[in-house]
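We use all heavy atoms of the structure for the numbers below, so side chains are in, but hydrogens, waters and symmetry mates are not.
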Amino acid sequence: MTTHPLHVLRVLLVDDNPNDQLLALEAFADHDARVHVSVCNDGPEALSVLTSGRDLPDVVVLDLNMPVMSGFDVIREIRSAPALKHLPVVILSTSSDREDIRRAYDLLASAYLVKSASFPAFVEQIDRFVGFWHSCRFPGHADQTA
């Protein structure tokens, strides 16, 4: 089992696009002392990691539009697995389509974020994401850095 320092939010990022992965990792880099991000390139890889018996992440950040398995397929599998169904899953997608949002929440997504188009706005979005999930995972340990 991997050990992590106390109060480090463990995020599993699932996205097939290497450029989007890089942008997300760059946005999360401002929080490197408080967040550990692992990356999976597709749904099957994510499910393999999640069912491997290793430490589970605190939150899964999931793209919708991926080959092999869509984000909808991945969240459906997570919600149907007794050992995983409790995991928070946040959809991070460029899609603002109402049907995609409805479908994600019908599959019990914890949140749905439409990825900001500009990088500075995306960094702010990730800052808010980290603050929110860090406070959920570690109540009583207020976010002291932005």
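Of all heavy-atom pairs between Ser95 and Val114, the closest is O-CG2, 3.6 Å. Leu56 approaches Arg10 most closely through the heavy-atom pair O-NH1, 2.9 Å. Shortest non-hydrogen contact noted between Ile126 and Ala27 is CG1-CB, 3.7 Å. Minimum heavy-atom separation, Gln21 to Asn41: NE2-OD1, 2.8 Å. Across every non-hydrogen atom of Val68 and Pro44, the tightest pair is CG1-CG, 3.6 Å. The heavy-atom pair separating Leu13 from Ala24 by the smallest distance is CD2-CB, 3.7 Å.
A 4.5 Å side-chain heavy-atom check between Leu107 and Phe72 finds at least one atom pair inside the cut-off. At least one side-chain heavy atom of Asn65 sits under 4.5 Å from a side-chain heavy atom of Ser93. Counting only heavy atoms from C-beta outward, the side chains of Glu77 and Leu50 never approach each other to under 4.5 Å. With contacts defined as side-chain heavy-atom distances shorter than 4.5 Å, the pair Pro57/Val11 does not qualify. Counting heavy atoms from C-beta on, the side chains of Leu84 and Val60 never come closer than 4.5 Å. Between Leu23 and Lys115 there is no side-chain heavy-atom pair separated by less than 4.5 Å. With a 4.5 Å cut-off on side-chain heavy atoms, Arg54 and Val49 count as touching. Residues Ile78 and Leu47 have side chains in contact (heavy-atom distance under 4.5 Å, counting atoms from C-beta outward).
A distance of 12.0 Å separates OG of Ser70 from CG of Asp42, quoted to the nearest 0.5 Å. Taken from CD in Glu45 to CG in Leu12, the straight-line distance is 8.5 Å, to the nearest 0.5 Å. Once rounded to the nearest 0.5 Å, the distance linking SG of Cys40 with CG of Leu62 reads 10.5 Å. Note: Asp20 CG to Asp15 CG = 5.0 Å, rounded to the nearest 0.5 Å. One distance of note links CZ of Arg137 with CG of Leu9; it measures 8.5 Å at 0.5 Å rounding. Atom CG of residue Leu113 and atom CD1 of residue Ile91 lie 9.5 Å apart, to the nearest 0.5 angstrom.
The pair Arg76-Asp73 meets the salt-bridge criterion, since a charged nitrogen lies less than 4.0 angstrom from a carboxylate oxygen.
Taking the six-membered ring where tryptophan is involved, the planes of Phe28 and Phe129 are perpendicular, since the angle between them exceeds 60° and thus also 30°.
Placement of Phe122 and Val37 within a single hydrophobic cluster is found when ILVMFWY residues are connected by side-chain heavy-atom separations under 4.5 Å, directly or transitively. Cluster annotation: Val14 is not connected to Leu108 through the hydrophobic network of ILVMFWY side chains, with a link wherever side-chain heavy atoms come within less than 4.5 Å. Phe132 is connected to Val35 through a chain of hydrophobic side-chain contacts under 4.5 Å among Ile, Leu, Val, Met, Phe, Trp and Tyr, so both are in one cluster. Taking hydrophobic clusters as Ile, Leu, Val, Met, Phe, Trp and Tyr residues chained together by side-chain heavy-atom distances below 4.5 Å, Leu92 shares a cluster with Val59.
A donor-acceptor pair under 3.5 Å is absent between the side-chain atoms of Ser110 and the main chain of Val90, judged by distance alone. A donor-acceptor pair is defined here as one N or O able to donate and one able to accept, closer than 3.5 Å; such a pair exists between the side chain of Arg79 and the backbone of Leu87. Between the side chain of Tyr105 and the backbone N or O of Tyr112 there is at least one donor-acceptor pair closer than 3.5 Å.
Counting only N and O atoms by type, the side chains of Asp127 and His31 include a donor and acceptor under 3.5 Å apart.
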